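Report on the structure given below.
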Amino acid sequence: MSVRVRFAPSPTGYLHVGGARTALFNWLFARHHGGKFILRIEDTDKQRNTPEAIQVIYDGLRWLGLDWDEGPQVGGDRGPYFQTERDPIYERYFERLRDSGWLYEDAGAWRFRFARELIEMDDLICGKVTIDFTNTEITPDMTIRRPDGSWIFHFANVVDDLEMGITHVIRGEDHLSNTPKHIQIFKALGVEPPRYGHIPLILNPDGSKMSKRDQGASITSYIEGGYAPEAVRNYFCLLGWSPKDDREILPLEEIIARFDVSGINRKGAHFDLAKCDWFNAQYIQQMSADRYRELALPWLTTAGISASPAQLDPVLALEKMKVTHFREIPDRVSFFFTEDYPYDPAAVEKTLRKPGAIERLGQLADTYSALELFDAATLEGRLKELAASLGVKPAEFIHPARVAVSGRSVGPSLYHMLEVLGQARTLARIDRTRKQFAA
RNA sequence: GACCCUAUCGUCCAGUGGCCUAGGACACUCCCCUUUCACGGGAGUAACACGGGUUCGAAUCCCGUUAGGGUCGCCA
């Protein structure tokens with residue numbers, strides 16, 4: 001029997017990291033086993049059910065690279081994939097249950113009469129769990145249909161999993177206590193329930209339950225925060241799962257090959273954005289120039305910077321080892337793309353106003369204007385020679401030069417920065433700076 | 001409150017009875033590299049929740065306690 005798993009979010013207007021991680025584990029499970037990953041939208045809560053809220057789910061999953069084999073937008077022969085469109089199916093199962101005596105009416109609502117017995121389940125992650133249904137006080141019967149005819153989650157969820165041929169239900173631990181109830185319905189229907197695996201929840205750094213407002217809780221915050229999806233996905237994979245060999249940066253193909261539900265931890269994981277940031281920086285460092293530019297481009301465009309790949313790549317390369325989030329890039333490289341860059345007042349005060357600084361800029365410009373080869377190594381050699389010949393430290397030239405051409409006291413390696421800037425622009429910038437800050 | 005799950009450095013993981021004076025990573029501190037900021041390299045601080053068993057031997061198995069989380073809806 002081939003594996004069929006599903007991610008069944010309800011549209012709430014955002015995609016929670018916990019949900020995304022659940023989707024990711026289902027997806028990995030499906031890909032590992034060559035099965036199907038199905039997306040089903042549990043949109044029975046009419047108030048929150050908006051096109052925008054559903055779009056957020058699509059966007060989040062697609063961003064993380066979690067493509068679904070069946071579901072909205074891609075179709076499939078077990079649809080429809082929106083619960084609001086599955087009424088006739090629920091009706092059919094409802095009648096079946098009612099006619100075989102499992103249901104009874106109570107104040108207009110329909111309730112499912114639990115079998116009063118012990119329900120044993122063998123969870124893929126938590127192991128054997130037994131729930132005692134013999135006490136009606138502790139486990140009262142369950143409503144499955146409201147007086148207005150609408151369906152309760154437990155019922156619709158079970159019917160959908162059954163109808164869609166779901167073989168493994170991998171979901172958050174918050175459903176662990178619900179599962180025996182679901183198994184009861186499967187048994188009443190005379191159907192073998194799927195295998196269940198409950199993954200631990202993701203907690204805030206302080207151990208509290210992560211909710212909407214918490215930092216890093218929403219997938220949108222990663223999309224808008226300048227993260228590389230492959231980095232975030234890699235970090236999420238390691239939240240509750242590991243390859244067992246201490247490696248952390250892993251290519252997706254390898255994760256798919258090694259992923260296994262039995263390797264999922266039973267302990268809730270505290271979310272650590274600092275580590276997620278580290279993954280992002282690592283991925284950026286190891287990224288191809290094309291991918292790096294591709295991810296940087298939207299940020300540059302938004303900042304009003306437009307240039308050809310040929311112009312962009314050398315500049316971006318200068319910052320590759322320093323960037324943690326793509327959103328930092330426009331600010332880091334802006335001075336390359338305008339001659340009207342601002343001078344940081346603190347840098348001016350500390351460096352350009354230093355006695356002799358402007359004069360040294362003139363000496364450096366003289367040296368550099370004579371150069372025929374304007375590459376980093378030459379630039380460094382000449383600057384150091386110049387400093388030595390005048391008996392001053394290279395820093396006396398380096399710092400003013402940096403401020404002169406960039407307006408800042410921090411930035412890329414000076415010589416590489418000048419090489420990328422080119423001789424003409426370098427000399428023009430030094431010249432203009434000298435005039436502007438001449439004593 | 002009842003029921004269920006869980007319990008190794010601050011955090012994420014490794015560890016499934018002897019290889020553990022507990023390993024890796026993030027974060028933090030220090031050093032090196034670098035006359036910027038980073039990257040990189042090196043070093044360091046830091047944990048088996050507690051109490052009982054079982055065993056020649058326990059982080060690993062059992063019981064209890066404590067703590068954390070989850071579920072108890074005509075929400076999903």
Side-chain angles (χ1 to χ4, degrees), chain A residues 8-12 19 41-45 47-49 83 106-111 121 123 125-127 129-133 135 137-140 142-154 156-157 171-181 198 200-209 235-249 263 265-279 281-282 284-285 318-324 332 347 351 383-384 387 393-399 401-403 406 408-414 417:
Chain A
S10 58
T12 59
I41 305 293
E42 305 211 332
D43 57 348
T44 53
D45 187 340
Q47 279 90 329
R48 297 191 293 191
N49 184 14
Q83 286 190 330
D106 178 18
W110 286 89
R111 297 176 65 96
M121 56 182 282
D123 193 272
I125 296 155
C126 300
V129 179
T130 306
I131 302 287
D132 187 353
F133 277 90
N135 187 331
E137 300 288 312
I138 296 169
T139 51
M142 160 174 76
T143 304
I144 64 158
R145 187 175 201 178
R146 302 185 189 88
D148 69 0
S150 59
W151 312 98
I152 298 297
F153 158 76
H154 302 290
N157 189 267
R171 60 191 358 176
E173 194 192 327
D174 49 337
H175 284 296
L176 185 59
S177 300
N178 289 152
T179 299
K181 300 173 185 175
H198 290 87
L201 270 19
I202 297 178
L203 278 15
N204 278 317
D206 68 0
S208 62
K209 187 180 177 181
Y235 173 66
F236 285 180
C237 285
L238 265 31
L239 234 35
W241 177 85
S242 87
K244 312 293 182 201
D245 62 3
D246 286 343
R247 291 194 310 134
E248 301 198 301
I249 307 275
N265 268 309
R266 297 160 182 212
K267 189 174 60 166
H270 292 66
F271 188 78
D272 184 5
L273 197 59
K275 184 140 187 180
C276 188
D277 287 348
W278 178 78
F279 268 91
Q282 289 294 310
I284 290 172
Q285 280 182 37
L318 253 20
E319 292 289 341
K320 206 174 181 206
M321 297 300 182
K322 303 168 183 251
V323 175
T324 301
R332 285 176 177 273
T351 307
L383 185 145
K384 286 181 173 169
K393 288 184 290 188
E396 299 296 332
F397 287 93
I398 292 172
H399 296 310
R402 172 184 300 289
V403 177
S406 72
R408 314 169 178 201
S409 55
V410 298
S413 152
L414 177 70
M417 172 164 65

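Lettering of chains follows the sequences in order, A, B, ..., and the numbering in each one begins at 1. Fair warning: this is a prediction, and the values are worked out from it, not measured in the lab.
Of the P atoms belonging to G10(B) and A22(B), the separation is 15 Å, rounded to the nearest Å. Rounded to whole Å, the separation between the P atoms of C37(B) and C32(B) comes to 14 Å. Between A59(B) and U6(B), the distance separating the two C1' atoms is 16 Å to the nearest Å. A76(B) and U71(B) are spaced 14 Å apart, taking the C1' atom of each and rounding to whole Å. G18(B) and G52(B) have their C1' atoms separated by 23 Å, with the value rounded to a whole Å. One C1' atom belongs to A27(B), the other to G44(B), and the distance between them is 14 Å to the nearest Å. Comparing A14(B) with C74(B), their C1' atoms sit 47 Å apart, to the nearest whole Å. Comparing C19(B) with G41(B), their C1' atoms are spaced 29 Å from each other, to the whole Å.
Position along RNA chain B of the nearest nucleotide to Ala107(A) versus Ala395(A) favours Ala395(A) as the more 5'-ward residue. Taking the nucleotide of RNA chain B with the nearest heavy atom to each of Arg247(A) and Leu414(A), the more 5' of the two is matched to Arg247(A).
Taking side-chain N and O atoms only, Gln282(A) has no distance below 4.0 Å to OP1 or OP2 of A38(B). Between Arg408(A) and C37(B) there is no side-chain polar atom (N or O) within less than 4.0 angstrom of OP1 or OP2. Taking side-chain N and O atoms only, Arg146(A) has a distance below 4.0 Å to OP1 or OP2 of A76(B). OP1 or OP2 of A76(B) has at least one side-chain nitrogen or oxygen of Thr44(A) nearer than 4.0 Å.
As the counterpart of A46(B), no nucleotide is assigned, since no Watson-Crick or G-U wobble pattern has both distances under 3.5 Å. Here U55(B) sits opposite no nucleotide as a Watson-Crick or G-U wobble pair (both hydrogen-bonding atom distances under 3.5 Å). Pairing for U60(B) is absent, judged as Watson-Crick or G-U wobble with the two contacts each under 3.5 Å. As the counterpart of U36(B), no nucleotide is assigned, since no Watson-Crick or G-U wobble pattern has both distances under 3.5 Å. Judged by Watson-Crick or G-U wobble contacts below 3.5 Å, the nucleotide A2(B) has U71(B) as its partner. Judged by Watson-Crick or G-U wobble contacts below 3.5 Å, the nucleotide A7(B) has U66(B) as its partner.
The nucleotide whose nearest atom lies closest to any side-chain atom of Lys322(A) is, among A38(B), A2(B), U71(B), A38(B). Nearest to the side chain of Lys181(A), among C72(B), U36(B), A76(B), sits C72(B). In this structure, of U71(B), G69(B), C75(B), it is C75(B) that holds the atom nearest to the side chain of Ile152(A).
In this structure, Met142(A) places its CE atom 14 Å from P of C75(B), rounding to the nearest Å. Rounded to whole Å, the distance from CG on Asp174(A) to P on A76(B) is 14 Å. Whole-Å rounding puts the Ile249(A) CD1 to G24(B) P distance at 17 Å. As a whole-Å value, the separation of Leu383(A) CG from U36(B) P is 13 Å. Note: NZ (Lys320(A)) to C1' (C37(B)) measures 19 Å, nearest angstrom. Taking atom CG of residue Asn135(A) and atom C1' of nucleotide G1(B), one finds them 14 Å apart after rounding to whole Å. Residue Asp132(A) contributes atom CG, which lies 18 Å from atom P of C72(B) at whole-angstrom precision. Across the protein-nucleic acid pair, His198(A) atom NE2 and G69(B) atom C1' stand 15 Å apart, rounded to whole Å.
Under 3.5 Å, the side chains of Asn157(A) and Arg171(A) contain a donor-acceptor pair of N or O atoms.
Every residue two or more places apart in sequence or in another chain was checked for a salt bridge (charged side-chain N to carboxylate O under 4.0 Å, His left out) with Asp148(A), and none qualifies. Residues forming a side-chain contact (heavy atoms from CB on, under 4.5 Å) with Ala395(A) (at least two apart in sequence, or on another chain): His399(A). Scanning for salt bridge (charged side-chain N to carboxylate O under 4.0 Å, His left out) contacts around Lys244(A) gives an empty result, with sequence neighbours left out. Take Arg145(A) and apply the salt bridge (charged side-chain N to carboxylate O under 4.0 Å, His left out) test, not counting sequence neighbours, and it matches Glu91(A). In this structure, the side-chain contact (heavy atoms from CB on, under 4.5 Å) partners of Leu203(A), at least two apart in sequence or on a different chain, are Leu201(A), His270(A).
Contact of the Lys384(A) side chain with the Phe397(A) side chain is not registered, since no non-hydrogen atoms from C-beta on lie closer than 4.5 Å.
Syn is the glycosidic conformation of C39(B), whose angle stays within 90° of 0.
Tyr235(A) and Phe279(A) have tilted rings, their planes meeting at an angle from 30° to 60° on a 0 to 90° scale.
Nucleic acid contact for Ala109(A): base, since at least one base atom lies under 4.0 Å from a heavy atom of the residue. Contact annotation for Ser413(A): base contact, defined as any heavy-atom pair under 4.0 Å involving a base atom. Backbone-only contact: Arg111(A) has heavy atoms under 4.0 Å from sugar-phosphate atoms and none from a base. Among the atoms of the strands shown, base atoms are found under 4.0 Å from some heavy atom of Pro412(A). Across all strands, Gln285(A) comes closer than 4.0 Å only to sugar-phosphate atoms, never to a base (heavy-atom distances).
Ile131(A) CD1 to Thr139(A) OG1: the interatomic distance, rounded to the nearest 0.5 Å, is 9.0 Å.
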Quick tally for nucleotides 4-13 of chain B: nucleotides whose base has a protein heavy atom under 4.0 Å get B, sugar-phosphate-only ones S, the rest -, giving SBSSS--SBS
Worksheet item: Stepwise, does the side-chain contact (heavy atoms from CB on, under 4.5 Å) test hold for Ile138(A) with Asp132(A)?
Response: CA-CA 9 Å; Ile138(A) 296 169; Asp132(A) 187 353; over 6 Å; no
